[in-house]
Protein chains: 2
Amino acid sequence: MRSSDLPAVRALGLFRSMAEASFEDLVQAAYLQTFPAQLDLIAEGDPADFLYVVMEGCVELFAHANGRETTMAMVRPVNAFILAAVLKDAVYLMSARTAHKSRILLIPSENVREAFARDDAFARAIVVELANSYRTVVKEQKDLKLRTAVERLANRLLRYDAEQGAHGTVTLPHDKRTIASLIGMTPENLSRAFNTLKPYGVEVTGPTVTIADAAALAKLAQPNPLIDDETS
Amino acid sequence: MRSSDLPAVRALGLFRSMAEASFEDLVQAAYLQTFPAQLDLIAEGDPADFLYVVMEGCVELFAHANGRETTMAMVRPVNAFILAAVLKDAVYLMSARTAHKSRILLIPSENVREAFARDDAFARAIVVELANSYRTVVKEQKDLKLRTAVERLANRLLRYDAEQGAHGTVTLPHDKRTIASLIGMTPENLSRAFNTLKPYGVEVTGPTVTIADAAALAKLAQPNPLIDDETS
DNA sequence: CGTTGGATTGACCTCAGTCAATCAGGGTGG
DNA sequence: CCACCCTGATTGACTGAGGTCAATCCAACG
């Protein structure tokens with residue numbers, strides 16, 4: 001792999017504290033590849049052969065059942081995905097495809113499990129990573145079960161605004177169809193949800209959303225740190 | 001704590017492989033208490049003071065947002081809950097109350113984190129536990145986003161049947177209102193969903209459900225190992 | 001017995017999905 | 001440079017799943 005990428009990988013919480021030797025082993029065995037947009041990386045049900053780390057670009061995790069498809073998550077650099085399947089030596093629960101052209105690090109799962117078995121610091125870093133992932137999904141489940149589609153959208157907009165500096169001007173990080181699927185609705189319904197939010201000061205122009213009255217939007221959204229905060 | 005409970009706790013995947021000394025430390029610090037039914041144990045947002053292990057009875061995990069409440073999970077013996085919050089030294093994301101009279105082991109989270117820091121085997125057992133929990137929630141999210149309420153119920157019945165020996169006679173493990181909330185619907189809608197399943201050979205008498213034609217039910221439910229299988 | 005809490009039923013309504021048509025923007029090739 | 005796609009977004013009309021409210025029923029229990 002390119003040596004200039006090493007620091008970025010090493011800086012990940014997952015790899016930061018592991019022994020240099022273990023890290024070397026992982027990196028030696030890993031492949032760094034660039035994929036075009038819309039390329040299928042893994043399919044749910046496949047055995048977990050690699051741990052994936054998104055270095056550049058963006059990856060969509062999605063799933064199928066009962067003839068439907070839904071977006072489960074969007075993975076941005078620099079982050080790993082499907083760690084749990086790799087550790088359990090199980091099949092992937094989700095499929096993955098590139099959303100844009102992406103540079104991705106593939107670490108053979110056998111090597112990850114070896115490092116996990118040998119390196120105590122790595123094992124503990126994995127605990128932190130998994131605990132965070134777990135809590136993230138629990139929050140998403142609460143979002144899904146306890147909020148209407150409009151409330152979910154409102155909260156999502158407030159979160160994007162916070163992430164982007166709370167200027168009241170948000171750039172949607174993905175296609176609207178993707179965002180719709182991510183928060184559990186159809187593109188048509190997302191469009192209508194944006195209209196529903198217009199009286200609350202939300203204006204949409206292409207991928208740009210302006211929030212004129214964050215307080216009004218928040219009153220509708222009822223943002224909740226136990227659902228919407230990244231950390232905690 | 002009662003010495004007769006020790007083997008059951010020790011047999012848990014989470015504690016099985018840890019050093020005897022670490023286990024002793026945890027047990028010494030722990031409290032074993034019996035709580036009546038419908039007693040609130042923890043509230044979401046509270047700091048995680050204890051790791052809980054259900055020894056007997058049953059505990060409901062639930063959550064609030066936007067003026068609504070939903071059941072997140074039912075924890076049966078012998079299982080631990082809210083491990084992630086304890087490890088992160090964060091606040092609970094879910095509330096918990098006893099569903100029935102329950103005997104519960106409370107281990108101070110400080111002691112759990114100490115054991116995690118000191119005992120490498122324990123740290124690795126936690127990884128397995130968290131990976132399983134994570135994958136369980138991901139499956140639940142797929143269930144919620146990809147299936148209708150009737151499909152969720154049908155799959156749930158098939159799962160209960162499999163757990164109870166596949167005799168075609170299922171005893172519902174919880175109140176119908178609880179099951180309704182668990183699978184993301186109202187009690188009224190659950191009642192109607194049962195009626196919808198009648199043409200597929202599902203007969204309900206109180207807490208007993210008979211599945212006359214499992215094949216017909218499965219054709220509707222489209223059970224999927226990547227959602228419905230406990231392990232995997 | 002009467003009380004109580006869960007379950008069921010009915011009537012109604014609303015949120016959200018479906019289907020189909022239209023529109024806007026961004027390439028591509030003539 | 002422009003016509004032509006092609007894709008994603010939007011809009012409208014309709015449908016259907018599922019929530020709400022209220023009344024009733026039923027079994028358990030005092």
Side-chain angles (χ1 to χ4, degrees), chain A residues 36-38 58 60 65-71 74 97 99-101 143-154 156-157 170-199 202-209 220-221, chain B residues 36-38 58 60 65-71 74 97 99-101 143-156 171-198 202-209 220-221:
Chain A
Q38 299 303 326
C58 187
E60 175 184 6
N66 297 64
R68 299 167 200 115
E69 174 177 325
T70 190
T71 302
M74 302 300 292
R97 68 168 78 97
H100 310 298
K101 179 178 174 184
D143 190 49
L144 272 173
K145 291 184 79 176
L146 292 166
R147 286 172 171 164
T148 66
V150 170
E151 286 168 353
R152 289 199 296 277
L153 175 60
R156 179 69 57 146
L157 291 177
V170 174
T171 303
L172 297 178
H174 314 291
D175 282 357
K176 284 179 185 156
R177 50 171 42 252
T178 306
I179 290 175
S181 184
L182 203 50
I183 64 185
M185 59 208 282
T186 58
E188 296 96 323
N189 200 30
L190 176 66
S191 201
R192 290 177 183 119
F194 273 126
N195 284 329
T196 305
L197 293 181
K198 203 168 275 181
V202 174
E203 211 67 42
V204 184
T205 319
T208 305
V209 179
L220 169 78
Chain B
Q38 300 303 326
C58 186
E60 175 185 7
N66 297 64
R68 299 167 201 115
E69 175 177 323
T70 190
T71 302
M74 302 300 292
R97 67 167 81 96
H100 309 297
K101 180 179 173 184
D143 190 49
L144 273 173
K145 289 184 81 176
L146 292 166
R147 288 172 169 164
T148 65
V150 170
E151 287 169 351
R152 290 199 297 278
L153 175 60
N155 279 297
R156 179 69 59 147
T171 303
L172 297 178
H174 313 290
D175 281 357
K176 284 179 186 156
R177 48 170 45 255
T178 306
I179 290 174
S181 184
L182 202 50
I183 65 186
M185 58 207 284
T186 58
E188 295 94 324
N189 200 31
L190 175 66
S191 201
R192 290 179 183 115
F194 273 125
N195 284 330
T196 305
L197 292 181
K198 203 169 273 181
V202 174
E203 210 69 42
V204 184
T205 319
T208 305
V209 179
L220 169 79

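Residue numbers start from 1 in every chain, and the chains themselves are labelled A, B, ... in the order their sequence lines are given, proteins ahead of strands. Keep in mind that the numbers below use all heavy atoms, side chains included, and drop hydrogens, waters and symmetry copies.
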Contact summary for [X] and [Y], nearest pair of heavy atoms:
X        : Y        : answer
A:Ala193 : A:Val150 : CB-CG2, 4.2 Å
A:Ala99  : A:Met74  : CB-CE, 3.9 Å
A:Asn66  : B:Arg147 : OD1-NE, 3.1 Å
B:Pro173 : B:Ile179 : CD-CD1, 4.2 Å

Discussion item. Which nucleotide wins on minimum distance to the side chain of B:Val204, given the candidates C:dT8, D:dG18, C:dA7?
Written reply: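 The nucleotide sitting nearest to the side chain is C:dT8.
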Worksheet item: Is the backbone N or O of A:Glu69 less than 3.5 Å from a side-chain atom of B:Lys145, with the two atoms forming a donor-acceptor pair by type?
Response: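 Side chain of B:Lys145 to backbone of A:Glu69: no pair is present.
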Worksheet item: With distance as the sole test, does B:Lys176 use its side chain to make a donor-acceptor pair with the main-chain N or O of B:Glu188 at under 3.5 Å?
Response: no
Could you give the [atom1]-to-[atom2] distance, from [X] to [N], as a whole number of Å?
X        : N      : atom1 : atom2 : result
A:Lys145 : D:dG18 : NZ    : P     : 14 Å
A:Met185 : D:dG18 : CE    : P     : 17 Å
B:Lys176 : D:dC25 : NZ    : P     : 17 Å
A:Arg147 : C:dA16 : CZ    : C1'   : 18 Å
B:Leu144 : D:dG18 : CG    : C1'   : 14 Å
B:Arg177 : C:dT4  : CZ    : P     : 16 Å
B:Asp175 : D:dA27 : CG    : P     : 16 Å
B:Arg152 : D:dG19 : CZ    : P     : 8 Å

Fill in: Separation between CD1 of B:Ile183 and CZ of B:Arg152, rounded to the nearest 0.5 Å
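These two atoms lie 6.5 Å from each other.
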Fill in: side chain to side chain donor-acceptor pair (under 3.5 Å), paired with A:Thr71, selected from A:Glu60, A:His174, A:Arg177
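Of A:Glu60, A:His174, A:Arg177, side chain to side chain donor-acceptor pair (under 3.5 Å) with A:Thr71 is met by A:Glu60 alone.
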Fill in: Test side chain to side chain donor-acceptor pair (under 3.5 Å) applied to B:Arg192 - qualifying residues, sequence neighbours left out
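Partners of B:Arg192 under the side chain to side chain donor-acceptor pair (under 3.5 Å) test: none.
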Response to the item:
Within residues 186-197 of chain A, those residues having any heavy atom closer than 4.0 Å to DNA chain D are A:Glu188, A:Ser191, A:Arg192, A:Asn195
For nucleotides 22-28 of chain C, tabulate all protein N/O to nucleotide N/O atom pairs closer than 3.5 Å, reporting atom names and distance.
none

